[in-house]
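Just so we're clear, the structure is a prediction, and the values are computed from it rather than from any experiment. Below, read A as the first sequence line, B as the second, and so on, with proteins coming before strands; counting in each chain starts at 1.
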Amino acid sequence: MIPGFPLKSFPLNYHTIPNLKYVLPLGEGRYTMKALFIHSDFIEYEARKKTKLAEDISSDKMKNRVEEVLVVFISFEKRDEGKEADSAKALVANVEEIAGKVEVKRIVLYPYAHLSSSLAKASSSITILHTAESQLIEKGYEVHASPFGWYKSFNISCKGHPLSELSREIVAGEEESKDSDVSDAVKAEEKMRSTWFVLDVEGNEHPLNLDNNVVKGYAFNDNINLKKFCQYEMAKSRISKGEPPHVDLMKRLELVDYEPGSDPGNFRYYPKGKLMKSLLERYVTDEVKRTGGMEIESPIMYDYEHPSLKSYMNRFPARQYTIQTPDKKVFLRFAACFGQFLMMHDATVSYRSLPVRLFEMSRYSFRAEQRGELTGLRRLRSFTMPDCHSFCTDFEMAKKEAISRFDLSWTVLQNIGLEIPNDLEFAIRATKEYYDENKEFIVGLVKKWGKPALVEQWNERFFYFVFKYEWNFVDALDKASALNTDQMDVENAERYGITYTGSDGEKHYPIILHQSPSGAIERLFYALLERAHLKSLQGIKAQLPFWLSPTQVRLLPVKDEFVEDCLALAEKLPGRVDVDDRDLTVGKKIRDAEREWVPLIIVYGDNEKSSGQFQVRVRGQDEQPMTKDELAKVIKEMQKDMPFEPLPLPMNLSKRVIFRG
RNA sequence: GCCACUGUGGCAUAGCCUGGUAGCGCGGCUGAUUCGUAAUCAGCAGGUCGAGGGUUCAAAUCCCUUCAGUGGCUCCA
């Protein structure tokens, strides 16, 4: 046992220790060494006895004590042999990075064979050690290398703060040996240039530029939201206006809430919120299936070491939840692509079956978004994403698919309660090459949309797609969030080995469309609530679509003696009907029902009982007289043929739990 | 992840600057009230002041750490 050395393993947590790119899963044929970094109050060591491999050292280096120091225990591995220069360089880079973080200028390099079971030759190791030593000295560090190949005694004190203990596998020759698509992606990103313009319905392009951080180049006039959207996308300028209104609404209406007992960005749904979520999920699922989507289900976690996934992950690292299973380290899916692609990889597909449309309501998908990016329901770490992939023979088929999915989204979002296209702004992003070759198609989409769109054109392809579009909701704080989106993927068929057999008998890679017809379900809550808030600013009563309202009809008995009648009536009426049987004045009951945005409110007393006529408060309209049958008819009309679920709470208000004050 | 701000009964908040017994409203419970279209009256209960540590005779209050939320930056496959 090592004196003063804690006996424990050194697990790495990708989320608490950022940017540990060197510990991402390593492929075969990489050159690594193992290193253990300890930020110490002091270390003292003394060489006691030579081994066969011992280097000759002067007597003054036999014994040493160093304080306020970063100690690097290191073992060089077989795989480092022949890569001495690169290994030393990689070691220096790691030491510098960690020394910078813990703010020390004093380093002890401590050769420590026990970290590895496949050690490099002594000569090779000594070369790396002293090359790194002299490089660090050149960079201005005070460096002590403990004697190589000696039995040594040592005492060390570890500071114990989060970064004081780190272990790493260090990759030598990093730049050269990284997967080529990683460096391609990085290079492409550096070279990526965006050109922005507004494309109007006649197909005219209006180039945009930033003048003093204000978007210029198009007369926006009535298109206030398009202007805000362009400003948001191009200038990234944001003015603080406080907390987004939907956050207060989601709590006050007892729909959704933060869950401090989980990880940030993971929410709880109260019965009313869960009802709405179920209805939305069901509706989107039904519509996709109605238009030929085949619903499937796939796992939520995936193996880092799976060949297809590995190359994808290397391209987009470090935004996943990582989980240790009993056997391996896996990541949680951040989209349903993985499951669907792996399924299609194994499928036998003829061109005759294309387009193939797979669909999954991925509950959940996970993204470990940065803390500062999480806001209410707009951006989460776990979310429910309707994810459709269409596998197409070629670009022509992909375009036709994109158009039919465009129409589907229109219907879906309209029925969910948004006004299309007025509530949303259209963004199109494409490579210049794709745009130029498919301008007719793109202008056709804008014509269908009926309003001008923002276009972002890339000088070359950076992402896996050549074309995508989004419908963006602009909220009360002038922030934009994408709902429906569709992407034309030219890269992943090859990566995942997805092929179909063409009429020529040969294997071909399909073009893959990625679409979410509605955007994340949570984001629909956000859009509906923000929209209601925006309407209320214009003097229009905030409300939810009838089919999503947790309570659709509320009966208010004037006295206790009418409660029985109301309960009986509630059972007979269609829709979600409840009864406010609490011992309160009518005024108070009305007020509470209005604050809950109940669409139909009915006071029930002697008059109603004797006449059979109800005075119905229709939200957003005047009171209307109706008979019971007329009321039932109105409820059915308002419900249309949207999905229905019964009341998720006791019918008597007096029996309900209050989840929030 | 970085910077700033915030955290007090279920909810919403006063007190914090300038340390000295934690206050109000809503909601809940009990009782009265049986009421006609946006808050009926009275009483009662409920708080280790987000958590942990420190300074002090004494901490909701000052300091440090941490968790959570919001805003900004970065980010958004």
Just the rounded figure in Å: distance from [atom2] of [N] to [atom1] of [X].
| X | N | atom1 | atom2 | value |
| --- | --- | --- | --- | --- |
| A:Gln320 | B:rC76 | CD | C1' | 14 Å |
| A:Glu456 | B:rC76 | CD | P | 12 Å |
| A:Leu556 | B:rA39 | CG | P | 13 Å |
| A:Glu233 | B:rC75 | CD | C1' | 13 Å |

Classify the ring geometry between A:Phe391 and A:His389 as parallel (under 30°), tilted (30 to 60°) or perpendicular (over 60°).
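A:Phe391 and A:His389: tilted rings.
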Geometric class of the A:Tyr604/A:Phe614 ring pair [parallel <30°, tilted 30-60°, perpendicular >60°]:
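Tilted, since the angle between the ring planes falls between 30° and 60°.
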Does [N] have OP1 or OP2 sitting under 4.0 Å from an N or O in the side chain of [X]?
| X | N | value |
| --- | --- | --- |
| A:Lys589 | B:rU34 | no |
| A:Arg371 | B:rG69 | yes |
| A:Lys588 | B:rG27 | yes |

From B:rA38, B:rA77, B:rC76, nucleotide with atom closest to A:Tyr464 side chain:
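Closest of the options to the side chain of A:Tyr464: B:rA77.
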Name the nucleic acid region contacted by [X], choosing base, sugar-phosphate or nothing; use a 4.0 angstrom heavy-atom cut-off, strictly under.
| X | result |
| --- | --- |
| A:Gly376 | sugar-phosphate |
| A:Arg252 | nothing |
| A:Arg595 | nothing |

Heavy-atom protein contacts under 4.0 Å, nucleotides 43-53 of chain B, coded B base, S sugar-phosphate only, - none:
-----------
Produce the list of close N/O pairs, under 3.5 Å, pairing protein atoms with atoms of nucleotides 6-13 of chain B; give distances to one decimal.
unit_1: B:rC11; atom_1: O4'; unit_2: A:Gly661; atom_2: N; d: 3.4
unit_1: B:rC11; atom_1: O3'; unit_2: A:Arg660; atom_2: NH2; d: 3.2
unit_1: B:rA12; atom_1: OP1; unit_2: A:Arg660; atom_2: NH2; d: 3.4

Residues touching RNA chain B, which here means a heavy atom under 4.0 Å, drawn from residues 579-587 of chain A
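When residues 579-587 of chain A is checked for heavy atoms under 4.0 Å from RNA chain B, the hits, listed by number, are A:Asp583, A:Thr585, A:Val586, A:Gly587.
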Residues in contact with RNA chain B, drawn from residues 602-610 of chain A - heavy-atom cutoff 4.0 Å:
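Here the set is A:Val603, A:Gly605, A:Asp606, A:Asn607, A:Glu608.
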If we take the C1' atom in both B:rG1 and B:rC76, what is their distance in whole Å?
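About 15 Å, rounded to a whole number of Å.
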Can you list the residues that meet the side chain to side chain donor-acceptor pair (under 3.5 Å) rule with A:Asn472, with sequence neighbours excluded?
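A:Asn472 satisfies side chain to side chain donor-acceptor pair (under 3.5 Å) with A:Glu470 only.
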Does A:Phe395 have any ring pair (Phe, Tyr, Trp, His ring centres under 6.0 Å) partners at least two apart in sequence or in another chain, and if so, which?
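Residues passing ring pair (Phe, Tyr, Trp, His ring centres under 6.0 Å) with A:Phe395: A:Tyr434.
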If we check side chain to side chain contact (heavy atoms under 4.5 Å, CB included) with A:Val215, which of these qualifies: A:Glu233, A:Lys228, A:Gln231?
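Of the listed residues A:Glu233, A:Lys228, A:Gln231, the side chain to side chain contact (heavy atoms under 4.5 Å, CB included) partner of A:Val215 is A:Gln231.
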